[in-house]
Amino acid sequence: MHETYDPKIIEPKWQETWEKQGLYKTVEDLDRPKWYALTMFVYPSGDIHAGHWYAFIPSDVSARWRRMNGYNVFFPVGFDAFGLPAENAAIKRGIHPKAWTYSNIAKMRFQLKRMGAMWAWDREVITCDPEYYKWTQWFFLKFYENDLAYREYAPVDWCPSCNTTLAREQVWGDDRHCERCRTPVIKKNLEQWKFRITRYADALLAGLTDMDWPERVKLMQNNWIGKSSGAEIYFNTEQGDTLTVFTTRPETAWGATFMVLSPEHPLVAKLTPSAQQETVRAYQEQAARQDEMTRKSTDKEITGVFTGGYAINPVNGERIPIWIADYVLMGYGTGAIMAVPAHDSRDFAFAKRFALPIRCVVRPPGRTGDDVATLSCPDRPTGGLCSLPPAGGLDEAYESKTEGVMVNSGDLNGTPVAEAFQKAVTWLESKGKGKPAVSFRLRDWLISRQRMWGAPIPIVYCASCGIVPVPQEALPVVLPDDAEFRPTGESPLKYHKGFRFVKCPRCGANAERETDTMDTFMCSSWYQYAYLSPYYKKGESLTAQNTSPWDPAIGQYWLPVDQYTGGIEHATMHLLYTRFFTKALHDMGIVHFDEPMRRLFNQGMILGPDGEKMSKSRGNVINPDSVVNEYGTDTVRGYMMFIGPWDQGGPWDPSAIDGISRFLQRTWNLILDHIHREQLANTPPMPHPDQVNLLEQTMHQTIIKITEGMSAFRFNTVIAHLMEFSNTLLKMKSTSVVYATAWGDALRNFILLMAPLFPHISEELWHRLGNTESVHLQKWPQADVNKAKMDRTTVVVQINSRVRSQMTAPLGMSDHAIEQQALELSAIKKWLENKRIRKVIVVPDRLINIVTD
RNA sequence: GCGAGAGUGGCGGAAUGGCAGACGCACCAGACUUAGGAUCUGGCGGGUAACUCCGUGGGGGUUCAACUCCCCCCUCUCGCACCA
């Protein structure tokens, strides 16, 4: 026997060689088509775990495959290095977040290199480098200049554990918890910086249509943006103020029997008469307190109070009461609604609870005109407005927009409800009482964070000049190295005199710096561009002439990203923000496209051996180092991809590693046997032509299947097909076919097909076969479709859809001939005795089904 | 409550209208061996002595033919949740 496969020797050897040769160095080669393959960069937590392998290995395989297909591939890597864990470590252990972060990066860089990926380390970026965040700050200034950044005092979400505000996207779940630490958030009134992402709501929605992204992500973004079309209707208070409401059902305006305002609505105080002021103020306070508690929306009881004020319904001139209630949110629409209890379940419940009138304006099918003409609150036994009708009231709101006819609605009477929306909007508009309007669920992006380890917001507050942006040439605003970390829950920047107290850049008077830093999603919104020319204009002062944070010529070549891969958890955070960024950049003339990533693929999550999400608290976090030490990188790479479909994820089960390990072992032996045989150089026996044909056929079929699998990210079946091919080759090994030139071709192609998945063993075997150029610079094997075709095929013979026999037949045999041959089979004759053939179905080259009575 | 996805041997999974279980793990038997947690050969959904029958969460339907398409239900996972 020859030497055994020893990854411990060959893997470090090739990793060193590749680095020395600069095999993965990026070059801008205009003669070759480019492929920008991007995978979500790393947070430097300190350790690479199984999840990183699961995310990166298939991305690398795909990038390598593109490279072998003639593309000039850019596959960069870097670190998303700002964030709270560094600060927490600083508080706990007294080291500066910078020291913690950079030592983690050094460690992780080493671990990442063991993956044997084709990363462009020459373009690495680290977002906490001042020369990186100089440009993050530059973007802030650009957004500010273009009226996309503003400062606002408003209720915001605050995480009491992270001690900072959060963007709406970072508040998750029904208990409204912090996305990072799972602590329920509370409301606080604070002055904060926000980005006008809502200005791009329509564009973000429209852009989704023709993007090659998973439907699931598109749907999540779609729902998150939450566009609804309807109308604004102008009500007037008795004091003469206009109360604008947003509704998706303007046609039901004739059924509005009261109005509800959000407790925070600015007109509440004015329209409340003094007699009601105590009650109203008490309710407002209660609602504000409610916000500070964890709110479960499901079993919340219905609350609200009458303000004592009235409004005039503009469609019919009716005087209707104005209530306030916490089910109306200030942040959505106009913070005021017209309540149509007959046709909205929430308004119906509210009307029932507080004995308010219910008037049907859409007659459900099957009802007569009269029994629904005046419905009232069933809970209220007496009273002018609410007398109980003799029969036929509604038990619940009738919400159909498609079936029913308008009643009690003036000019709309008799109109089918399906047509009433348009008619109502036209009517309102012609009378100046309303107009079409859309509303979005999306809120502006809150980017202020009360934390130290982030990019400082480049703003100075001056008593006389007000908000003053730091001039471009003064960037970066650098984080101090001597900040003190105390567990006070407040940013050390606030207590750092040297950082905080500065001169106004405009007038030179004493002024104060903004001490909040930017959301780290700012840093990751543009990192795909930073990779192009990392630390562009390093050490230089920026001037007004600098209009791009990367070398525009390089950007012109590589952008946009061709394939992005990463986890689904960023669907409505990073992936939304970076799209917004790019659209804004496009409008500023900085980029030539308005979507950052053409294609997206979401890998699944790798779970702990217990089938649960990996987490420190569960103690089920797997670090693959020990498995890599035992089996080698190539085996672990293969195992990662063989778990199942990449988008599915699954539990870590190292017992399955042996399968890959044995496969690589057998492959090694197969090639070394061949080399050994060649060296003997005997007079070889003539290989049988049938065997040669079969070998070539299998090879070409394998090339086809593997190529398809590669383009569809089906790496688990790619490996299965490699194994099948290997099994065939092993069976043929003991026949004379090994003396055919086709045998050598098959082995060479086999290695080429393995190369993207198993880069080290492929390189070693490729060189042992006598090649001197890297296997990773070779062309992907091309299948010959004709040679992949079989001349004979197996046709399944069914009787009444049950398989009773099979036969071989030449390819392309006529239906009739197949039938004739099948009817001759003894196994079939047996089944057809005393039966009449009713029908025969032939699927050419595959199947015949004989249907009998 | 609304929306999306998933459910296939002991296990991971394959097959997108045409032979269910490719490929692998585990397991069983055999070979080689002083030995085997190595390697090689064979077996491996269930019932049955066999012919064969049953089998892709459950029920119904379309079709010569359904894991695959349609309808209803169950379970799990994820997203949203007073959004007017």
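On a predicted model such as this, the values are computed, not experimentally measured, just so you know.
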Just compare [options] and give me whichever is closest to any side-chain atom of [X].
X	options	answer
A:Asp326	B:rC80, B:rC82, B:rG18	B:rC82
A:Thr717	B:rA26, B:rA14, B:rC78	B:rA14
A:Arg804	B:rC19, B:rG13, B:rC53	B:rC53
A:Ser801	B:rC64, B:rA84, B:rA15	B:rC64
A:Glu724	B:rA22, B:rA84, B:rG12	B:rA22
A:Arg802	B:rC53, B:rA84, B:rG18	B:rC53
A:Asn716	B:rA26, B:rG18, B:rG13	B:rG13
A:Arg666	B:rC53, B:rC40, B:rA14	B:rC40
A:Thr248	B:rC80, B:rA84, B:rC19	B:rA84
A:Arg714	B:rC19, B:rA15, B:rA26	B:rA15

Flag yes if more than 12 heavy atoms outside A:Arg216 fall under 6.0 Å of its CZ atom; otherwise flag no.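 No, not enclosed.
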
Heavy-atom neighbours of A:Arg792 CZ exceed 12 at 6.0 Å: yes

Please confirm whether the backbone N or O of [Y] pairs with a side-chain atom of [X], one donor and one acceptor, at under 3.5 Å?
X	Y	value
A:Asp347	A:Val340	yes
A:Asn800	A:Thr852	yes
A:Thr307	A:Ile322	yes
A:Glu399	A:Ser345	yes

Kindly say if [X] contacts the phosphate of [N], meaning a side-chain N or O under 4.0 Å from OP1 or OP2.
X	N	answer
A:Asn727	B:rG24	yes
A:Ser439	B:rA84	no
A:Gln648	B:rA6	no

Do A:Tyr5 and A:Asn669 pair up side chain to side chain, a donor and an acceptor below 3.5 Å, judged on atom types alone? no

Can a donor-acceptor pair be found between the side chains of A:Asn602 and A:Asp647 at a distance below 3.5 Å? no

Tell me what [X] touches on the nucleic acid: a base, only sugar-phosphate, or nothing, going by heavy atoms under 4.0 Å.
X	answer
A:Val328	base
A:Gln806	base
A:Val803	sugar-phosphate
A:Glu215	nothing
A:Leu847	base
A:Asn849	base
A:Asn800	nothing
A:Arg662	sugar-phosphate
A:Val843	base
A:Pro651	nothing
A:Lys830	sugar-phosphate

Can you tell me the distance, in whole Å, between the [atom1] atom of [X] and the [atom2] atom of [N]?
X	N	atom1	atom2	result
A:Ile719	B:rG12	CD1	P	18 Å
A:Ile233	B:rA84	CD1	P	14 Å
A:Trp224	B:rC2	CH2	P	21 Å
A:Leu261	B:rA84	CG	P	18 Å
A:Leu219	B:rA81	CG	P	14 Å
A:Arg176	B:rC80	CZ	P	11 Å
A:His721	B:rG13	NE2	C1'	13 Å
A:Phe642	B:rA14	CZ	P	10 Å

For B:rG9, decide between syn and anti, treating a glycosidic angle within 90° of 0 as syn.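 Chi for B:rG9 falls in the syn range.
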
Considering only the [atom1] atoms, how many Å lie between [N] and [M], rounded to the nearest integer?
N	M	atom1	answer
B:rG43	B:rG21	C1'	16 Å
B:rA6	B:rC67	C1'	13 Å
B:rU8	B:rU56	C1'	4 Å
B:rG42	B:rC25	P	14 Å
B:rC72	B:rC82	P	28 Å
B:rU63	B:rU77	C1'	33 Å
B:rG5	B:rG10	P	29 Å
B:rG13	B:rA4	P	24 Å

Nearest-nucleotide 5' precedence on RNA chain B, A:Ile660 against A:Pro645: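 With A:Ile660 and A:Pro645 compared, the 5'-side residue is A:Pro645.
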
On RNA chain B, more 5' by nearest nucleotide between A:Gly335 and A:Asp653 is A:Asp653

If [N] has a Watson-Crick or G-U wobble mate with both distances under 3.5 Å, name it; if not, just say none.
N	value
B:rC69	B:rG61
B:rC27	B:rG43
B:rA15	none
B:rG9	none
B:rA84	none

Would A:Arg359 pass as a cation-pi partner of A:Trp254, given that its NZ or CZ must be under 6.0 Å from the six-membered ring centre and within 45 degrees of the axis? no

Candidates A:Phe642, A:Phe758, A:Trp668 - the one meeting side-chain contact (heavy atoms from CB on, under 4.5 Å) with A:Phe663: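 Output: one option passes, namely A:Phe758.
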
